[in-house]
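Step one of this worksheet: look at the structure below.
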Amino acid sequence: MTELTGTILVTGGMGFIGSNFVRYVLREHPAARIVNLDMLTYAGNPRNLADLAEEPRYIFVQADVRDGEALGKA
């Protein structure tokens, strides 16, 4: 398997599938960082990744993926 490195942007990471993907990457790829961009609509649940708040390789950004300015900052 190829090792993931660098920063990976995940959109919708607070949902069921996205949050499990975030956990998988952080667990299996120690050189990777995650930026999780989620608007927190009905499908996003901040409790899914609340325990990662202090994880230095994980950043959460609450924004809409359609917002180009927010996306650029993320």
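For reference, positions follow the sequence shown, starting with 1.
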Is atom CZ of R47 surrounded by more than 12 heavy atoms (other residues, nucleotides or ligands) closer than 6.0 Å? no
In terms of hydrophobic clustering (I, L, V, M, F, W, Y; side-chain heavy atoms under 4.5 Å; direct or indirect links), are I59 and L9 co-clustered? yes
To the closest 0.5 Å, what do you measure between CG (L40) and CE (M14)? 6.0 Å
Please answer: with hydrophobic residues joined when any side-chain heavy atoms are less than 4.5 Å apart, are V10 and Y24 in the same cluster? yes
Correct closest heavy-atom pair for V25 and A32 would be CG1-CB, 3.9 Å
State the CG-CG distance between L49 and N20, to the nearest 0.5 angstrom. 8.5 Å
In Å, rounded to the nearest 0.5 Å, how long is the span from CG of L71 to OG1 of T11? 9.0 Å
Surrounding CD of E3 (heavy atoms of other residues, nucleotides or ligands, distance under 6.0 Å), is the total greater than 12? yes
Taking N48 for its side chain and S19 for its backbone only, find out whether a donor-acceptor pair lies under 3.5 Å. no
M39 backbone acceptor or donor facing D64 side chain under 3.5 Å: no
Verdict with supporting geometry, D51 and R23, side chain to side chain contact (heavy atoms under 4.5 Å, CB included): CA-CA 11 Å; D51 60 310; R23 289 183 185 286; 2.6 Å; yes
Do NZ/NE/NH1/NH2 and the carboxylate oxygens of K73 and D67 come within less than 4.0 Å? no
CG (D38) and CD (Q62) are apart, to the nearest 0.5 Å, by 8.0 Å
Under a 4.5 Å side-chain heavy-atom rule over Ile, Leu, Val, Met, Phe, Trp and Tyr, are Y58 and V61 clustered together? no
Pairwise distance CD(E55) to CZ(F60) - rounded to 0.5 angstrom: 16.0 Å
Please say yes or no: joined through hydrophobic side-chain contacts below 4.5 Å, possibly via intermediate residues, are I34 and L4 part of one cluster? yes
